[in-house]
There are 2 protein chains.
Amino acid sequence: MPTHYKGTKEEVTVLNVFIKLTRSTESLFQYLSIKLKRYGITEAQFGVLEMLYHLGPLQQNQIARKLLRSRGNITFIIDKLEKMNLVKRVVDAEDRRCTEVYLTPKGEALIKKIFPMHLKEIVSIFSVLNSNEKQLLEKICKKISKRILTQKEDKPQ
Amino acid sequence: MPTHYKGTKEEVTVLNVFIKLTRSTESLFQYLSIKLKRYGITEAQFGVLEMLYHLGPLQQNQIARKLLRSRGNITFIIDKLEKMNLVKRVVDAEDRRCTEVYLTPKGEALIKKIFPMHLKEIVSIFSVLNSNEKQLLEKICKKISKRILTQKEDKPQ
DNA sequence: CTTAAACAATTTAAGTCTAAACGATGCCGA
DNA sequence: TCGGCATCGTTTAGACTTAAATTGTTTAAG
(Lines give C-alpha, C1' and ligand atoms only; values in the text may rest on other atoms or scores of the structure.)
Protein backbone atom coordinates (compact mmCIF):
# COMPACT_ATOMS: atom_id res chain seq x y z
CA MET A 1 0.00 0.00 0.00
CA PRO A 2 2.17 2.86 -1.24
CA THR A 3 1.66 6.45 -0.25
CA HIS A 4 -0.99 8.56 -1.93
CA TYR A 5 1.08 11.67 -1.38
CA LYS A 6 1.74 13.76 -4.47
CA GLY A 7 5.16 15.36 -4.26
CA THR A 8 8.43 15.27 -6.09
CA LYS A 9 9.65 11.93 -7.37
CA GLU A 10 12.34 11.92 -4.70
CA GLU A 11 9.80 12.54 -1.93
CA VAL A 12 7.45 9.83 -3.11
CA THR A 13 10.30 7.33 -3.36
CA VAL A 14 11.60 8.12 0.11
CA LEU A 15 8.13 8.00 1.61
CA ASN A 16 7.52 4.58 0.12
CA VAL A 17 10.79 3.23 1.45
CA PHE A 18 10.07 4.72 4.83
CA ILE A 19 6.60 3.17 4.99
CA LYS A 20 7.93 -0.24 3.99
CA LEU A 21 10.69 0.01 6.58
CA THR A 22 8.24 1.02 9.30
CA ARG A 23 5.76 -1.73 8.51
CA SER A 24 8.29 -4.50 8.17
CA THR A 25 10.24 -3.69 11.32
CA GLU A 26 7.08 -3.25 13.36
CA SER A 27 5.69 -6.58 12.33
CA LEU A 28 9.09 -8.18 12.83
CA PHE A 29 9.34 -6.92 16.40
CA GLN A 30 5.72 -7.77 17.16
CA TYR A 31 6.30 -11.26 15.83
CA LEU A 32 9.44 -11.84 17.89
CA SER A 33 7.84 -10.34 20.96
CA ILE A 34 4.98 -12.87 20.76
CA LYS A 35 7.50 -15.69 20.50
CA LEU A 36 9.36 -14.47 23.59
CA LYS A 37 6.15 -14.22 25.57
CA ARG A 38 6.02 -18.02 25.45
CA TYR A 39 9.06 -18.09 27.70
CA GLY A 40 7.53 -15.59 30.08
CA ILE A 41 9.78 -12.65 29.27
CA THR A 42 9.47 -9.44 27.30
CA GLU A 43 11.72 -8.16 24.55
CA ALA A 44 13.31 -5.65 26.90
CA GLN A 45 14.00 -8.34 29.49
CA PHE A 46 15.45 -10.59 26.80
CA GLY A 47 17.65 -7.71 25.66
CA VAL A 48 19.15 -7.34 29.12
CA LEU A 49 19.68 -11.06 29.66
CA GLU A 50 21.24 -11.49 26.23
CA MET A 51 23.57 -8.57 26.83
CA LEU A 52 24.74 -9.92 30.18
CA TYR A 53 25.13 -13.38 28.66
CA HIS A 54 27.39 -12.23 25.85
CA LEU A 55 29.18 -9.29 27.46
CA GLY A 56 29.33 -10.31 31.11
CA PRO A 57 28.27 -8.23 34.15
CA LEU A 58 27.41 -4.59 33.38
CA GLN A 59 26.43 -1.47 35.25
CA GLN A 60 22.88 -0.24 34.85
CA ASN A 61 23.90 2.94 33.10
CA GLN A 62 25.90 0.93 30.57
CA ILE A 63 22.85 -1.20 29.88
CA ALA A 64 20.71 1.91 29.47
CA ARG A 65 23.09 3.41 26.92
CA LYS A 66 23.45 0.22 24.93
CA LEU A 67 19.72 -0.47 24.81
CA LEU A 68 18.74 3.16 24.12
CA ARG A 69 16.49 3.26 27.19
CA SER A 70 16.22 5.66 30.10
CA ARG A 71 17.94 4.77 33.37
CA GLY A 72 14.58 4.74 35.11
CA ASN A 73 13.38 2.12 32.70
CA ILE A 74 16.43 -0.05 33.32
CA THR A 75 15.72 0.12 37.06
CA PHE A 76 12.20 -1.12 36.27
CA ILE A 77 13.41 -3.96 34.04
CA ILE A 78 16.12 -5.10 36.47
CA ASP A 79 13.54 -5.05 39.28
CA LYS A 80 11.42 -7.51 37.33
CA LEU A 81 14.37 -9.74 36.45
CA GLU A 82 15.57 -9.69 40.05
CA LYS A 83 12.13 -10.72 41.30
CA MET A 84 12.29 -13.65 38.90
CA ASN A 85 15.76 -14.52 40.27
CA LEU A 86 17.32 -14.17 36.85
CA VAL A 87 19.80 -11.43 37.74
CA LYS A 88 21.28 -9.98 40.90
CA ARG A 89 22.48 -6.48 41.76
CA VAL A 90 25.85 -5.91 43.41
CA VAL A 91 26.86 -2.46 44.53
CA ASP A 92 30.28 -1.52 43.17
CA ALA A 93 32.74 -1.35 46.07
CA GLU A 94 34.95 1.15 44.22
CA ASP A 95 32.14 3.56 43.40
CA ARG A 96 29.13 2.99 45.57
CA ARG A 97 26.87 4.99 43.24
CA CYS A 98 27.08 2.21 40.67
CA THR A 99 25.50 -1.25 40.74
CA GLU A 100 26.81 -4.11 38.72
CA VAL A 101 24.21 -6.49 37.32
CA TYR A 102 25.02 -10.21 37.18
CA LEU A 103 23.22 -13.17 35.68
CA THR A 104 22.24 -15.72 38.30
CA PRO A 105 22.71 -19.40 37.45
CA LYS A 106 18.97 -19.53 36.81
CA GLY A 107 19.19 -16.51 34.52
CA GLU A 108 22.12 -17.97 32.65
CA ALA A 109 20.35 -21.28 32.22
CA LEU A 110 17.28 -19.48 30.87
CA ILE A 111 19.07 -17.32 28.32
CA LYS A 112 21.24 -20.27 27.33
CA LYS A 113 18.07 -22.15 26.49
CA ILE A 114 16.09 -19.31 24.91
CA PHE A 115 18.75 -17.56 22.88
CA PRO A 116 19.31 -20.32 20.31
CA MET A 117 15.58 -20.65 19.72
CA HIS A 118 15.18 -16.94 19.33
CA LEU A 119 18.14 -16.81 16.98
CA LYS A 120 16.58 -19.61 14.97
CA GLU A 121 13.46 -17.50 14.46
CA ILE A 122 15.54 -14.59 13.27
CA VAL A 123 17.66 -16.73 10.97
CA SER A 124 14.49 -18.24 9.56
CA ILE A 125 13.04 -14.83 8.75
CA PHE A 126 16.23 -13.49 7.23
CA SER A 127 16.62 -16.62 5.15
CA VAL A 128 14.51 -14.89 2.48
CA LEU A 129 17.47 -12.60 1.86
CA ASN A 130 20.51 -13.74 -0.08
CA SER A 131 23.92 -12.99 1.33
CA ASN A 132 24.33 -9.94 -0.87
CA GLU A 133 21.06 -8.48 0.40
CA LYS A 134 22.01 -9.14 4.01
CA GLN A 135 25.32 -7.42 3.48
CA LEU A 136 23.62 -4.45 1.83
CA LEU A 137 20.98 -4.18 4.53
CA GLU A 138 23.69 -4.03 7.17
CA LYS A 139 25.52 -1.35 5.24
CA ILE A 140 22.32 0.67 4.75
CA CYS A 141 21.44 0.46 8.44
CA LYS A 142 24.90 1.65 9.41
CA LYS A 143 24.55 4.62 7.08
CA ILE A 144 21.18 5.55 8.55
CA SER A 145 22.42 5.28 12.13
CA LYS A 146 25.39 7.46 11.33
CA ARG A 147 23.21 9.99 9.54
CA ILE A 148 20.88 10.33 12.52
CA LEU A 149 23.81 10.95 14.84
CA THR A 150 25.14 13.78 12.70
CA GLN A 151 21.63 15.15 12.24
CA LYS A 152 21.22 15.28 16.01
CA GLU A 153 24.53 17.11 16.45
CA ASP A 154 23.68 19.68 13.80
CA LYS A 155 20.51 20.88 15.48
CA PRO A 156 20.55 19.43 18.96
CA GLN A 157 17.53 18.92 21.18
CA MET B 1 29.29 -3.12 18.23
CA PRO B 2 28.82 -6.53 16.66
CA THR B 3 27.60 -9.56 18.51
CA HIS B 4 29.97 -11.60 20.65
CA TYR B 5 27.98 -14.72 19.97
CA LYS B 6 29.95 -17.68 18.67
CA GLY B 7 27.86 -19.67 16.26
CA THR B 8 27.88 -20.66 12.63
CA LYS B 9 28.95 -18.06 10.10
CA GLU B 10 25.37 -17.75 8.93
CA GLU B 11 24.08 -17.15 12.47
CA VAL B 12 26.69 -14.52 13.22
CA THR B 13 25.96 -12.72 9.97
CA VAL B 14 22.21 -12.69 10.56
CA LEU B 15 22.60 -11.57 14.15
CA ASN B 16 24.76 -8.64 13.09
CA VAL B 17 22.26 -7.56 10.45
CA PHE B 18 19.45 -7.90 12.96
CA ILE B 19 21.26 -5.80 15.56
CA LYS B 20 22.03 -3.08 13.05
CA LEU B 21 18.44 -3.06 11.86
CA THR B 22 17.13 -2.84 15.42
CA ARG B 23 19.47 -0.04 16.44
CA SER B 24 18.99 2.05 13.34
CA THR B 25 15.21 1.85 13.25
CA GLU B 26 14.91 2.53 16.97
CA SER B 27 17.04 5.62 16.79
CA LEU B 28 15.20 6.68 13.63
CA PHE B 29 11.81 6.46 15.30
CA GLN B 30 13.05 8.08 18.49
CA TYR B 31 14.49 10.92 16.45
CA LEU B 32 11.31 11.51 14.47
CA SER B 33 9.19 11.24 17.57
CA ILE B 34 11.17 14.04 19.22
CA LYS B 35 10.65 16.22 16.16
CA LEU B 36 6.89 15.63 16.22
CA LYS B 37 6.69 16.48 19.90
CA ARG B 38 7.48 20.06 18.91
CA TYR B 39 4.09 20.25 17.26
CA GLY B 40 2.35 18.80 20.27
CA ILE B 41 1.49 15.42 18.80
CA THR B 42 2.80 11.90 19.12
CA GLU B 43 3.89 9.54 16.37
CA ALA B 44 0.69 7.55 16.72
CA GLN B 45 -1.45 10.68 16.46
CA PHE B 46 0.54 11.82 13.44
CA GLY B 47 0.00 8.42 11.86
CA VAL B 48 -3.76 8.75 12.15
CA LEU B 49 -3.88 12.33 10.90
CA GLU B 50 -1.61 11.54 7.98
CA MET B 51 -3.72 8.55 7.04
CA LEU B 52 -6.94 10.53 7.10
CA TYR B 53 -5.28 13.32 5.15
CA HIS B 54 -4.12 11.09 2.32
CA LEU B 55 -6.83 8.45 2.27
CA GLY B 56 -9.89 10.40 3.42
CA PRO B 57 -12.32 9.42 6.21
CA LEU B 58 -11.83 5.92 7.61
CA GLN B 59 -13.47 3.62 10.13
CA GLN B 60 -11.64 2.97 13.37
CA ASN B 61 -11.12 -0.69 12.61
CA GLN B 62 -9.57 0.20 9.25
CA ILE B 63 -7.18 2.53 11.01
CA ALA B 64 -6.29 -0.16 13.54
CA ARG B 65 -5.50 -2.68 10.82
CA LYS B 66 -3.41 -0.26 8.77
CA LEU B 67 -1.42 0.98 11.74
CA LEU B 68 -0.95 -2.48 13.29
CA ARG B 69 -2.53 -1.34 16.57
CA SER B 70 -5.28 -2.78 18.72
CA ARG B 71 -8.79 -1.36 18.41
CA GLY B 72 -8.66 -0.28 22.01
CA ASN B 73 -5.60 1.77 21.28
CA ILE B 74 -7.28 3.47 18.33
CA THR B 75 -10.17 4.43 20.58
CA PHE B 76 -7.60 5.97 22.91
CA ILE B 77 -5.80 7.88 20.14
CA ILE B 78 -9.02 9.14 18.53
CA ASP B 79 -10.21 10.29 21.97
CA LYS B 80 -7.11 12.47 22.27
CA LEU B 81 -7.41 13.84 18.75
CA GLU B 82 -11.10 14.55 19.25
CA LYS B 83 -10.38 16.47 22.46
CA MET B 84 -7.90 18.57 20.49
CA ASN B 85 -10.61 19.17 17.86
CA LEU B 86 -8.45 17.64 15.16
CA VAL B 87 -10.87 14.86 14.16
CA LYS B 88 -14.54 14.08 14.64
CA ARG B 89 -16.41 10.81 14.93
CA VAL B 90 -19.54 10.11 12.90
CA VAL B 91 -21.53 6.92 13.43
CA ASP B 92 -22.10 5.10 10.17
CA ALA B 93 -25.81 5.24 9.30
CA GLU B 94 -25.59 2.01 7.28
CA ASP B 95 -23.91 -0.02 10.00
CA ARG B 96 -24.32 1.57 13.37
CA ARG B 97 -21.50 -0.50 14.88
CA CYS B 98 -18.98 1.46 12.85
CA THR B 99 -17.80 5.03 13.31
CA GLU B 100 -16.22 6.99 10.54
CA VAL B 101 -13.40 9.32 11.55
CA TYR B 102 -13.07 12.68 9.75
CA LEU B 103 -10.43 15.39 9.86
CA THR B 104 -11.83 18.68 11.11
CA PRO B 105 -10.71 21.86 9.32
CA LYS B 106 -8.34 22.43 12.22
CA GLY B 107 -6.95 18.91 11.90
CA GLU B 108 -6.52 19.26 8.17
CA ALA B 109 -4.74 22.59 8.60
CA LEU B 110 -2.39 21.04 11.14
CA ILE B 111 -1.41 17.99 9.13
CA LYS B 112 -1.11 20.13 6.00
CA LYS B 113 1.45 22.21 7.85
CA ILE B 114 3.31 19.43 9.66
CA PHE B 115 3.46 16.76 6.99
CA PRO B 116 5.88 18.55 4.64
CA MET B 117 8.24 19.33 7.50
CA HIS B 118 8.16 15.77 8.72
CA LEU B 119 8.73 14.49 5.21
CA LYS B 120 11.69 16.83 4.90
CA GLU B 121 13.27 15.23 7.96
CA ILE B 122 12.79 11.78 6.47
CA VAL B 123 14.12 12.81 3.07
CA SER B 124 17.12 14.36 4.76
CA ILE B 125 17.93 11.16 6.62
CA PHE B 126 17.46 8.93 3.60
CA SER B 127 19.60 11.23 1.49
CA VAL B 128 22.62 9.21 2.64
CA LEU B 129 21.34 6.37 0.48
CA ASN B 130 21.75 6.39 -3.27
CA SER B 131 18.76 5.51 -5.40
CA ASN B 132 19.95 1.94 -5.85
CA GLU B 133 20.18 1.47 -2.09
CA LYS B 134 16.72 2.94 -1.54
CA GLN B 135 15.29 0.61 -4.13
CA LEU B 136 17.03 -2.36 -2.55
CA LEU B 137 15.93 -1.42 0.95
CA GLU B 138 12.33 -1.28 -0.20
CA LYS B 139 12.67 -4.67 -1.85
CA ILE B 140 14.29 -6.16 1.24
CA CYS B 141 11.56 -4.81 3.53
CA LYS B 142 8.87 -6.23 1.30
CA LYS B 143 10.55 -9.62 1.43
CA ILE B 144 10.75 -9.53 5.21
CA SER B 145 7.11 -8.48 5.62
CA LYS B 146 6.01 -11.28 3.33
CA ARG B 147 8.17 -13.79 5.15
CA ILE B 148 6.69 -12.87 8.51
CA LEU B 149 3.18 -13.32 7.18
CA THR B 150 3.88 -16.83 5.91
CA GLN B 151 5.78 -17.67 9.10
CA LYS B 152 2.70 -16.67 11.11
CA GLU B 153 0.44 -18.84 8.99
CA ASP B 154 2.71 -21.87 9.30
CA LYS B 155 2.64 -22.01 13.09
CA PRO B 156 -0.13 -19.68 14.16
CA GLN B 157 -0.32 -17.99 17.57
C1' DC C 1 38.02 20.41 55.50
C1' DT C 2 33.93 22.06 53.23
C1' DT C 3 30.99 22.88 49.75
C1' DA C 4 29.33 22.81 45.03
C1' DA C 5 28.88 20.33 40.96
C1' DA C 6 28.47 15.90 38.65
C1' DC C 7 26.75 11.46 38.42
C1' DA C 8 24.26 6.74 39.59
C1' DA C 9 20.15 4.72 40.77
C1' DT C 10 15.45 5.20 42.40
C1' DT C 11 10.92 7.11 42.81
C1' DT C 12 6.95 9.39 41.04
C1' DA C 13 3.52 11.02 37.85
C1' DA C 14 1.79 10.84 33.57
C1' DG C 15 1.22 8.88 29.19
C1' DT C 16 0.79 4.94 25.90
C1' DC C 17 -0.02 0.29 24.80
C1' DT C 18 -2.26 -4.56 24.82
C1' DA C 19 -5.44 -8.26 25.95
C1' DA C 20 -9.64 -9.48 27.56
C1' DA C 21 -14.31 -8.66 28.69
C1' DC C 22 -18.43 -6.09 27.53
C1' DG C 23 -22.58 -4.07 25.25
C1' DA C 24 -24.60 -2.94 20.92
C1' DT C 25 -25.47 -4.07 16.32
C1' DG C 26 -25.64 -6.81 12.07
C1' DC C 27 -25.84 -11.26 9.56
C1' DC C 28 -27.61 -15.65 8.39
C1' DG C 29 -29.42 -20.23 8.55
C1' DA C 30 -33.16 -22.85 10.55
C1' DT D 1 -38.87 -14.52 12.52
C1' DC D 2 -35.65 -15.86 15.66
C1' DG D 3 -31.47 -17.34 17.87
C1' DG D 4 -26.63 -17.81 17.58
C1' DC D 5 -22.44 -16.03 15.91
C1' DA D 6 -19.40 -12.39 14.27
C1' DT D 7 -17.89 -7.73 14.40
C1' DC D 8 -17.54 -2.87 16.04
C1' DG D 9 -16.14 0.37 19.46
C1' DT D 10 -15.45 0.93 24.42
C1' DT D 11 -13.91 -0.12 28.97
C1' DT D 12 -10.83 -2.11 32.27
C1' DA D 13 -6.73 -3.91 34.34
C1' DG D 14 -2.19 -4.28 33.98
C1' DA D 15 2.35 -3.74 31.82
C1' DC D 16 5.84 -0.70 29.93
C1' DT D 17 7.97 3.75 29.03
C1' DT D 18 9.79 8.48 29.74
C1' DA D 19 10.81 12.85 32.10
C1' DA D 20 11.57 15.04 36.16
C1' DA D 21 12.41 15.17 40.99
C1' DT D 22 14.92 12.84 44.75
C1' DT D 23 18.56 10.41 47.37
C1' DG D 24 23.04 9.04 47.99
C1' DT D 25 27.93 9.17 46.46
C1' DT D 26 32.09 11.00 44.33
C1' DT D 27 35.05 14.64 42.68
C1' DA D 28 37.21 18.91 42.60
C1' DA D 29 37.80 23.72 43.80
C1' DG D 30 38.33 26.91 47.31
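Labels below follow one simple rule: chain letters A, B, ... track the order of the sequence lines, proteins then strands, and each chain is numbered from 1.
Paired with B:T99 under the rule side-chain hydrogen bond (donor to acceptor under 3.5 Å, both in side chains), one option of B:R89, B:Q60, B:K88 passes, and it is B:Q60.
Atom CZ in A:F76 sits about 13 Å away from atom C1' in C:dT16, given to the nearest Å. Taking atom CD1 of A:I77 as the reference point, atom C1' of D:dT18 lies 12 Å away to the nearest angstrom. Spacing between atom CD of A:Q59 and atom P of C:dT10 amounts to 12 Å, rounded to whole angstrom units. One atom, CD1 of B:I34, and another, C1' of D:dT17, lie 14 Å apart when rounded to the nearest Å. What separates CD of A:E82 from C1' of C:dA9 is a distance of 13 Å, to the nearest Å. Note: CZ (A:R89) to P (C:dA9) measures 9 Å, nearest angstrom. Residue B:L67 contributes atom CG, which lies 13 Å from atom C1' of C:dC17 at whole-angstrom precision. Rounded to whole angstrom, the span from the CZ atom of A:R38 across to the P atom of C:dA19 amounts to 15 Å.
In the set C:dT18, D:dT18, C:dA8, C:dT18 carries the atom at the smallest distance from any side-chain atom of B:N73. With distances taken from any side-chain atom of B:R71 to the nucleotides C:dA19, C:dA8, D:dC8, the minimum falls on D:dC8. Checking D:dT10, D:dG9, C:dA9 against the side-chain heavy atoms of A:T75 singles out C:dA9 as nearest. Here the nucleotide nearest the side chain of A:S70, chosen from D:dC8, D:dC16, D:dT18, is D:dT18.
B:N61 has no side-chain polar atom (N or O) that falls below the 4.0 Å cut-off from OP1 or OP2 of D:dT7. Put simply, B:K80 has a side-chain N or O that comes within less than 4.0 Å of OP1 or OP2 on C:dT16.
Between the A:R147 side chain and the B:S124 main chain, a donor and an acceptor come within less than 3.5 Å of each other.
Centroid-to-centroid, the aromatic rings of A:F115 and A:H54 come within less than 6.0 Å.
Mapping A:T42 and B:Q60 onto DNA chain D by nearest heavy atom places B:Q60 closer to the 5' end of the strand. For the pair A:R69 and B:R65, both in contact range of DNA chain D, the more 5′-proximal nearest nucleotide belongs to B:R65.
Side-chain contact between A:L49 and A:L110 is present, with heavy atoms from C-beta onward closer than 4.5 Å. You'll find the side chain of A:E26 stays beyond 4.5 Å of the side chain of A:R23, heavy atoms only.
Pairs passing the salt bridge (charged side-chain N to carboxylate O under 4.0 Å, His left out) check and including a residue from residues 100-114 of chain A, sequence neighbours excluded, do not occur.
Across residues 92-100 of chain B, B:R97, B:C98, B:T99 each have a non-hydrogen atom less than 4.0 Å from an atom of DNA chain D (numbered order).
Note that the CG atom of A:L52 and the CD atom of A:E50 stand 9.0 Å from one another [nearest 0.5 Å].
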